[in-house]
Amino acid sequence: MSRYIASHTDRNQINLIPSSLAEMVSDDNPVRVIDVFVDSLDCKSMGFRYSIPKAVGRKPYNPADMLKLYIYGYFNAIRSSRKLETECKRNIELMWLLNELKPDYRSIADFRKDNITALKQVFNHFSMFCNELGLYGKKLSR
C-alpha cells in the first residue's frame, strides 16, 4: 500500500455522463466576472473591429470572445499571444469562458493590434468595475 495521495481514476475509463465545463469552474471563479463584464459591453459602440461582420469572406472571431481572452490574459499576467493560444487548448477556465474556441496566436495578436484604442478604454472601465466590486487588493507584487 502506497503512502502517497492517489487518485483511483482510470484515465482510459469512458464515462457515461461526462462532466460539463460549468461543473469544473466554481461559482466564485474570476472568469465568471470577466464573462459578465464583457457581455455587458457594447463592442460596436466602443469601436471594436469586426463588431459587424462582413457578408462575404472568412468569418472573424466575435470581438467579445477575443476580449474575454485578452482580459483573462491581463488578469493572469499572460501577455504573449502564443501563450494565450496554448492556454486556450489546455486551460479549463478558458475553455469555459470561450466555449471551447481555440484562436491561433496570429488572430489574437491581430485583435490586439487592430483594437488598441478600444482595449485601453475597456481596461480602464474594467479596473473601475473591479474596484467597485472590491476585487482588487491594490498591492504591488515584485
Side-chain angles (χ1 to χ4, degrees), residues 2 4-142:
S2 175
Y4 295 109
I5 297 173
S7 171
H8 300 289
T9 303
D10 180 8
R11 290 182 183 160
N12 298 318
Q13 175 68 41
I14 298 173
N15 294 326
L16 293 175
I17 303 172
S19 55
S20 68
L21 288 173
E23 291 174 356
M24 294 182 191
V25 176
S26 65
D27 291 338
D28 61 347
N29 195 306
V31 295
R32 293 190 184 268
V33 174
I34 294 169
D35 188 51
V36 169
F37 172 74
V38 173
D39 287 345
S40 72
L41 297 176
D42 181 14
C43 290
K44 181 181 172 187
S45 68
M46 297 187 92
F48 279 97
R49 190 171 181 195
Y50 301 121
S51 293
I52 302 173
K54 296 177 183 176
V56 295
R58 182 174 180 232
K59 293 180 182 179
Y61 285 102
N62 186 337
D65 291 330
M66 298 300 282
L67 182 57
K68 289 175 185 181
L69 174 61
Y70 199 63
I71 291 175
Y72 179 87
Y74 176 80
F75 205 71
N76 291 286
I78 305 170
R79 304 286 188 263
S80 163
S81 55
R82 290 181 189 259
K83 288 181 181 176
L84 285 171
E85 176 188 17
T86 301
E87 289 298 309
C88 287
K89 296 175 185 172
R90 68 183 184 127
N91 188 318
I92 292 172
E93 292 175 344
L94 270 177
M95 287 178 193
W96 177 85
L97 186 62
L98 299 178
N99 293 314
E100 296 193 58
L101 284 176
K102 295 172 181 69
D104 62 297
Y105 74 91
R106 177 55 53 201
S107 297
I108 297 167
D110 286 345
F111 173 77
R112 183 181 309 166
K113 177 186 66 155
D114 295 340
N115 297 295
I116 275 291
T117 306
L119 284 171
K120 287 179 183 177
Q121 212 178 359
V122 167
F123 281 113
N124 286 336
H125 190 64
F126 183 67
S127 294
M128 290 186 294
F129 178 75
C130 289
N131 282 335
E132 288 172 11
L133 295 176
L135 298 175
Y136 279 146
K138 296 186 181 182
K139 297 177 188 171
L140 293 174
S141 60
R142 294 191 184 226

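Since the model is a prediction, treat every value here as computed from it, not as a measurement. The analysis underlying the following values was restricted to heavy atoms, covering all of them including side chains, and did not include hydrogens, waters or symmetry mates.
- The side chain to side chain contact (heavy atoms under 4.5 Å, CB included) check on Glu100 picks up Leu21, Met95, Lys102, with sequence neighbours excluded.
- The structure places OG1 of Thr86 at 11.0 Å from CG of Leu94, a figure rounded to the nearest 0.5 Å.
- Between the NZ atom of Lys113 and the CG atom of Asp110 there is a distance of 4.5 Å, given to the nearest 0.5 Å.
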Before giving the answer on side chain to side chain contact (heavy atoms under 4.5 Å, CB included), spell out for Arg112 and Leu84 the whole-Å C-alpha distance, their side-chain angles and the decisive distance to 0.1 Å. CA-CA 12 Å; Arg112 183 181 309 166; Leu84 285 171; 4.1 Å; yes
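- The side-chain hydrogen bond (donor to acceptor under 3.5 Å, both in side chains) check on Asp27 picks up nothing, with sequence neighbours excluded.
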Just distance, no hydrogens or angles: give the donor-acceptor pairs under 3.5 Å from side chains in residues 47-54, sequence neighbours left out.
unit_1	atom_1	unit_2	atom_2	d
Arg49	NH1	Asp114	OD1	3.4
Arg49	NH1	Asp114	OD2	2.8
Ser51	OG	Cys43	O	3.2
Ser51	OG	Phe48	O	2.6

Stepwise side chain to side chain contact (heavy atoms under 4.5 Å, CB included) check, Asp39 with Lys68: CA-CA 9 Å; Asp39 287 345; Lys68 289 175 185 181; 3.2 Å; yes
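- Summarising the geometry, atom CG belonging to Leu69 is positioned 5.0 Å from atom CD1 belonging to Ile108; distances are rounded to the nearest 0.5 Å.
- A donor-acceptor pair is defined here as one N or O able to donate and one able to accept, closer than 3.5 Å; no such pair exists between the side chain of Asn29 and the backbone of Val25.
- Contact of the Leu101 side chain with the Pro103 side chain is registered, since non-hydrogen atoms from C-beta on lie closer than 4.5 Å.
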Worked check of side chain to side chain contact (heavy atoms under 4.5 Å, CB included) between Val31 and Phe75: CA-CA 9 Å; Val31 295; Phe75 205 71; over 6 Å; no
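- Applying the ring-ring contact (aromatic ring centres under 6.0 Å, His included) criterion to Phe123, with sequence neighbours excluded, gives Tyr70, Tyr74.
- At a threshold of 4.5 Å between non-hydrogen side-chain atoms, the residues Leu67 and Phe111 count as touching.
- Taking the charged nitrogens against the carboxylate oxygens, Asp35 and Arg32 have no contact shorter than 4.0 Å, which rules out a salt bridge.
- In this structure, the separation between NE2 on His125 and CE on Met46 is 6.5 Å, given to the nearest 0.5 Å.
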Which donor-acceptor pairs under 3.5 Å do side chains of residues 57-66 form with protein atoms, sequence neighbours excluded?
unit_1	atom_1	unit_2	atom_2	d
Asn62	OD1	Ala64	N	3.0

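- The shortest distance between side-chain heavy atoms of Phe37 and Val122 falls below 4.5 Å.
- For Ser107 and Asp104, the side-chain atoms include at least one donor-acceptor pair closer than 3.5 Å.
- Lys89 and Glu85 are joined by a salt bridge, as a carboxylate oxygen and a charged side-chain nitrogen come within less than 4.0 angstrom of each other.
- Among pairs with a residue in residues 88-108, none fulfils ring-ring contact (aromatic ring centres under 6.0 Å, His included), at least two apart in sequence or across chains.
- Within 6.0 Å of atom CZ in Arg82, 12 or fewer heavy atoms from other residues, nucleotides or ligands are found, so the atom counts as exposed in its surroundings.
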